[in-house]
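Quick note on labels: first sequence line is chain A, next is B, and so on, each numbered from 1.
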Amino acid sequence: MSINAPRYTIGSIAREPRWNRVRVIVFEGLMRRLAALNIVLIVLGSLIVGVEVVIFTTPAFVEILNAGGSVGLSNFATPYRSVAYLLLATLLVASAGAGAIAGDVANRSIALYLSRPITPLDYLIGKGTAVGLVLAIFFIVPGVGACLFAYIVGNVSIGLAALAMGAFIAVGLLVAVVFTSLSLFMSSLTRRPIFAGASIFGVLVSAEVLAALVQGVTRSNQSLYVSPIEDLLAVGQATFGVTPTINASAALVIVLVLTAVSLLVAYLRVRQVEVVG
Amino acid sequence: MDLIRTDSLTKRYGSIVGLSGLTVTIPTGTIALVGPNGAGKSTFLRLLLGLLEPTQGTAQVLGQEITRQGVALREQVGYMPEHDCLIPAMTGIGFVAYMGRLSGLPKSQAFGRAHDVLQFVGLREERYRKISEYSVGMRQRVKLAQAIVHDPALTLLDEPTAGLDPTGRAEMLALLKVLSDTKDRSLVLSTHLLPDVEGLCDFLVVLNDGRLLAAAPTKEILSGDARELVLRVKGDLARFVLALGHHGVSARPARHEVRIDRPVGGERVLFEAAAEAECQIRYLGPATRSIEELFLQLVPGGTRVAPP
């Protein structure tokens, strides 16, 4: 291969602001996760949307469509009434979030990211936002779509439909933020995305199984606080006006603390990467 | 303005000392950072980029303080790491443009520059292929391209010829030569392959075990002992050496030349000895050292430096 070596300097170029560099990371992360070849993600996402559709076509939702004035916000809480939906979602979280940091550490591209004019925090925000947006799409869009469908087809007032949409957006965002922070945390602990994915899924499911087992033995609901899935369910149920099994405020505090700690650890790990590498 | 100025710059990794009390001032130009593996070269480069926090000391690069102005500094600096660091799923052009955008270039300029620099490093149609399909030489070229995509005032190159075959190495050095000749652009070239930097660098920094052994302009540092002369002759070298001995000049013959201490009474005796030995003096000048020779003098156990 021959080399053509022209003089290439083109003088000073106006630089875009730093937030725009973060936006570039977000966009690249989104595209990579939503790429046509990312079969796993598409299958899992479709599965989750499918489950939601099934949930909303069950008698509970048919009731919403036909009941008219007797329908309330709690009728929309179906996805957050049982652990099935969020348990299934952990597969999606593991798939979308595992490679967020671990992938860059594995191929060592993190050194190039951090050698650009961005801070480790910018990098983490970019990566986290990309994962969070993918998760938010799957956690929010089906619910909002169902509310619109109920308004158009059923006897649901615009006010109730908007309220339900707001609830889906609020809970969906919370779920996306919590799961994103957990996946960034796990992804920052290892150099192998597959280990990170297994950890995300393993930790969430194990915590749920452990909480359920202890609850069964002790006949006390206190153990459910251990599981982030149960905590999110409680917050979701409370948002939709359903009385949760555990205190929703306490559950909210727990998941917020968990989120903050996870993000802090992930940040510290990203700052250490060059030293470790 | 100095390119780099450090004061007692130290980096420790627990009990391991990566860099120890480095105080040096480096002018703009093409700088060679040489030393054996583990000398602290990569640590020094990462400190200069603001990727590592110094344990002690301070440093300024292009007038910017590395710990406080890291982001602003990295806008003006390009970095080519030693290890593989590319994103395999991206195409060459996509990757270099992405790195340009992370350096703050607008989208259209980033793609324009990416095409320019990939053309410059010799990647043409290959730029549209995925990086996972590239050879080692092509990956090195992409690494160089991403380091210069944003037209930095300073480019830090960590072992740029590592893993290349002789042809690839020569081509990479030719590229670096073009870069080093570019006006208002500086290079810091870290390597343990000493022949790579001869003829390329204006300034030499020698490190060993995290300590500074020497830092000076290449010509100055390689000029050696001013009292020593080098002679190249046409004729019988052994006979010439013998004749020099008769005139009281101690000669140290090498393969094609003779090194002598400058004669006290002037150089006339050299020509007398040449006439006596029926030789022609073709070159007479002050002795210079190669970087390899300098290194062997400076570094205890300097033979650790790898051959090219």
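For B/R139, the CZ atom sits in a packed shell: over 12 heavy atoms of surrounding residues, nucleotides or ligands are nearer than 6.0 Å. Residue B/R129 qualifies as enclosed at atom CZ: its count of foreign heavy atoms under 6.0 Å is above 12. Around atom CG of A/L268, more than 12 heavy atoms belonging to other residues, nucleotides or ligands sit under 6.0 Å away.
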**Study point:** Audit row: A/Y113, B/I87, side chain to side chain contact (heavy atoms under 4.5 Å, CB included) steps and yes/no
**Key:** CA-CA 11 Å; A/Y113 276 104; B/I87 300 174; 3.9 Å; yes

Check your understanding: Passes side chain to side chain contact (heavy atoms under 4.5 Å, CB included), A/V24 versus B/L102? Steps please.
Key -> CA-CA 7 Å; A/V24 170; B/L102 287 184; 4.2 Å; yes

Exercise for review: Determine, stepwise, if the pair A/R15 / B/L105 fulfils side chain to side chain contact (heavy atoms under 4.5 Å, CB included).
Suggested key: CA-CA 5 Å; A/R15 301 297 164 93; B/L105 299 186; 3.8 Å; yes

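Two residues are said to be in side-chain contact when any heavy atoms from C-beta on lie closer than 4.5 Å; A/N107 and B/P88 meet this criterion. For the pair B/Y98 and A/F27, the minimum side-chain heavy-atom distance is 4.5 Å or more. Side-chain contact check for B/K107 versus A/E16: every heavy-atom pair is 4.5 Å or farther apart.
For the side chain to side chain contact (heavy atoms under 4.5 Å, CB included) with A/R116, the lone residue among B/E75, B/R74, B/Q146, B/R101 that qualifies is B/Q146.
For B/M80, no part sits under 4.5 Å from any heavy atom of chain A, backbone or side chain.
Per-residue heavy-atom pair counts under 4.5 Å with chain A were compared for B/A89, B/S103, B/A153, and the maximum is reached by B/S103. Per-residue heavy-atom pair counts under 4.5 Å with chain B were compared for A/E28, A/R18, A/R23, and the maximum is reached by A/E28.
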